Amino acid sequence: MYDFKDYNENAEDNVSFKQVKSALSKLNDILKNTNLKLFISGGTVPYLLLNQDSKRMHSDIDTICFKKDIDKIRKVLKKTKYYIPTWDSLNIVKDGKDYGLELLVDNVPVGIYPFNYENNLLTQYTYNPKDQTCKIKQIKLDDLKDYIFTYTSKNGDIYNTMSLEFIKKSKECCGRKKDVTDLKKILETGLIRPNILNRINEIKEIQKKTVSDLNDHINQ
C-alpha cells in the first residue's frame, strides 16, 4: 500500500509550473466525458489565466468540487493509476464526513476537496494525508459565484477556479514572498470584481482535527 512518505515526506515547492499544467491536463482528459467539474484554487490560478509561466516551484495543486459530485469523481479516479487509497479520507476517517482525497499525478500531489452550499452558507472540507489533518471551514455568501467562477484566459482557454477574490483574500493573510508575487499577478489579470472583493468576509475554520482524534472520539 502506498504511503505518503514514499513520495517525499519533506516535499515543499518542488513542482514546476510545467508539471502543474501537465497534471491538470491529464485530470481534464480523465473527466472530459463527464459532467463533473473541478475548480482550481491557489497560486497557480493567475498564471493560468495570464498564460504565463510562474517561473517558480510549487508544492502541489489544490482543487475543490461540489459535495454532490465527490462520490462520482472518486469512482472515476479509482480506475486510474493516480489514485492512492491511503490518501483518500473516506478510507481513513470514521466520522461519516467526506474530507476529500489527494492523487499523485506524475509526482504532482493533487488535492480534491468537496464543498457544500446551502441557505447561503458554504462549507468547505479538506484533508491533508501528510499529517492526516481534517479541516472544515465555513462562510456566509450572497452568491456561490463569489466563491467559484469560470474565467477565460488570455489565450482563450476556459478555466473553472476558485474566485480570484477569494484567492486574493487568502494570500493577503499569509504574507509569504511567493504570495506577494502572486497577488501582483492576480491584479494583472484585470479580472478582480471590486464589489465581490468588498463584500466577502474571511472564511472561518470551525474544525482542525487529526484523523486519530476524530476516530478516537468515535470509538469512545
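As the structure is a prediction and not an experimental result, all values here were calculated from the model. Note that these values count all heavy atoms, side chains included, but never hydrogens, waters or copies made by symmetry.
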Going from [atom1] on [X] to [atom2] on [Y], what distance comes out if it is rounded to the nearest 0.5 angstrom?
{"X": "Ser89", "Y": "Lys97", "atom1": "OG", "atom2": "NZ", "value": "11.5 Å"}
{"X": "Asp213", "Y": "Asp95", "atom1": "CG", "atom2": "CG", "value": "11.5 Å"}
{"X": "Leu122", "Y": "Asp143", "atom1": "CG", "atom2": "CG", "value": "11.5 Å"}
{"X": "Leu36", "Y": "Lys68", "atom1": "CG", "atom2": "NZ", "value": "8.0 Å"}
{"X": "Thr126", "Y": "Gln124", "atom1": "OG1", "atom2": "CD", "value": "7.0 Å"}
{"X": "Lys78", "Y": "Leu103", "atom1": "NZ", "atom2": "CG", "value": "12.0 Å"}

| request: For side-chain contact (heavy atoms from CB on, under 4.5 Å), just list the numbers for Leu48 and Lys21, CA-CA rounded to whole Å, side-chain angles, deciding distance to a tenth of an Å, and then say yes or no. | output: CA-CA 8 Å; Leu48 292 169; Lys21 292 197 72 173; 4.0 Å; yes

Could you tell me if the side chain of [Y] sits less than 4.5 Å from the side chain of [X], heavy atoms only?
{"X": "Lys154", "Y": "Gln52", "value": "no"}
{"X": "Ile64", "Y": "Ile148", "value": "yes"}
{"X": "Met162", "Y": "Thr63", "value": "no"}
{"X": "Val211", "Y": "Tyr127", "value": "yes"}
{"X": "Cys134", "Y": "Lys209", "value": "no"}
{"X": "Ser163", "Y": "Arg193", "value": "yes"}
{"X": "Leu90", "Y": "Leu101", "value": "no"}
{"X": "Leu38", "Y": "Asn160", "value": "no"}

Is there a donor-acceptor contact under 3.5 Å from the side chain of [X] to the main chain of [Y]?
{"X": "Gln132", "Y": "Pro129", "answer": "no"}
{"X": "Asn119", "Y": "Leu121", "answer": "no"}
{"X": "Tyr117", "Y": "Leu141", "answer": "yes"}
{"X": "Asp62", "Y": "Gly43", "answer": "no"}
{"X": "Ser153", "Y": "Asp157", "answer": "yes"}

| request: Assess whether side chain to side chain donor-acceptor pair (under 3.5 Å) is satisfied between Ser25 and Asn28, documenting all intermediate values. | output: CA-CA 5 Å; Ser25 177; Asn28 286 334; 5.9 Å; no

| query | Would Tyr147 and Phe115 satisfy ring-ring contact (aromatic ring centres under 6.0 Å, His included), going step by step from the backbone distance to the final call? | reply | CA-CA 10 Å; Tyr147 190 65; Phe115 67 83; 5.7 Å; yes

| Looking at the rings of Phe66 and Phe39, which for Trp means the six-membered one, are their centres under 6.0 Å apart? |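 Yes, the ring centres sit under 6.0 Å apart.
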
| request: Flag the pair Tyr159 / Tyr151 as yes when their ring centroid distance falls below 6.0 Å, and as no otherwise. | output: no

Is the closest side-chain donor-acceptor distance between [X] and [Y] under 3.5 Å?
{"X": "Ser212", "Y": "Asn215", "answer": "no"}
{"X": "Lys137", "Y": "Gln207", "answer": "no"}
{"X": "Tyr82", "Y": "Glu102", "answer": "no"}

Is any NZ, NE, NH1 or NH2 atom of the basic residue among [X] and [Y] found under 4.0 Å from an Asp or Glu carboxylate oxygen of the other?
{"X": "Lys67", "Y": "Asp98", "value": "no"}
{"X": "Asp106", "Y": "Lys26", "value": "yes"}
{"X": "Asp182", "Y": "Arg176", "value": "no"}
{"X": "Lys37", "Y": "Asp69", "value": "no"}

Nearest atoms (heavy-atom pairs only) where [X] meets [Y]:
{"X": "Leu77", "Y": "Tyr83", "value": "O-CB, 3.3 Å"}
{"X": "Cys65", "Y": "Ile112", "value": "SG-CG2, 4.0 Å"}
{"X": "Tyr99", "Y": "Leu214", "value": "OH-CD1, 3.9 Å"}
{"X": "Leu191", "Y": "Leu49", "value": "CD1-CD1, 4.0 Å"}
{"X": "Thr44", "Y": "Phe17", "value": "O-CE1, 4.1 Å"}
{"X": "Pro109", "Y": "Ser59", "value": "CD-O, 3.8 Å"}

Can [Y] be reached from [X] by stepping across I, L, V, M, F, W or Y side chains whose heavy atoms are under 4.5 Å apart?
{"X": "Leu144", "Y": "Ile203", "value": "yes"}
{"X": "Leu24", "Y": "Met57", "value": "no"}
{"X": "Ile192", "Y": "Ile40", "value": "yes"}
{"X": "Leu50", "Y": "Val20", "value": "no"}

| query | Hey, is CG on Asn198 packed in by over 12 heavy atoms from elsewhere, all under 6.0 Å? | reply | yes

Set of residues satisfying side chain to side chain donor-acceptor pair (under 3.5 Å) with respect to [X], sequence neighbours excluded:
{"X": "Gln138", "result": "Thr123"}
{"X": "Lys168", "result": "Glu172"}
{"X": "Thr189", "result": "none"}

| Does the salt bridge (charged side-chain N to carboxylate O under 4.0 Å, His left out) test come out yes or no for Asp53 and Lys18, once each step is laid out? | CA-CA 8 Å; Asp53 192 315; Lys18 182 178 179 180; over 6 Å; no

| Could you go step by step and tell me if Asp146 and Arg199 meet the side-chain contact (heavy atoms from CB on, under 4.5 Å) rule? | CA-CA 9 Å; Asp146 291 2; Arg199 78 184 184 194; 2.8 Å; yes

| task | Test ring-ring contact (aromatic ring centres under 6.0 Å, His included) on Tyr113 and Tyr125 and set out the steps. | result | CA-CA 6 Å; Tyr113 312 117; Tyr125 301 84; over 10 Å; no

| query | Where do Glu202 and Lys169 land on the salt bridge (charged side-chain N to carboxylate O under 4.0 Å, His left out) test, with the steps shown first? | reply | CA-CA 7 Å; Glu202 184 178 353; Lys169 288 272 188 178; over 6 Å; no

| Taking the inter-plane angle between the rings of His58 and Tyr47 on a 0 to 90° scale, is it parallel (under 30°), tilted (30 to 60°) or perpendicular (over 60°)? |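 His58 and Tyr47: perpendicular rings.
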
| task | I would like to know whether Val45 and Leu164 meet side-chain contact (heavy atoms from CB on, under 4.5 Å); could you show each step before the answer? | result | CA-CA 8 Å; Val45 172; Leu164 286 171; 3.9 Å; yes

| message | As a quick check of understanding, evaluate side-chain contact (heavy atoms from CB on, under 4.5 Å) for Asn91 and Thr86, giving each step before the final call. | response | CA-CA 7 Å; Asn91 297 328; Thr86 53; over 6 Å; no

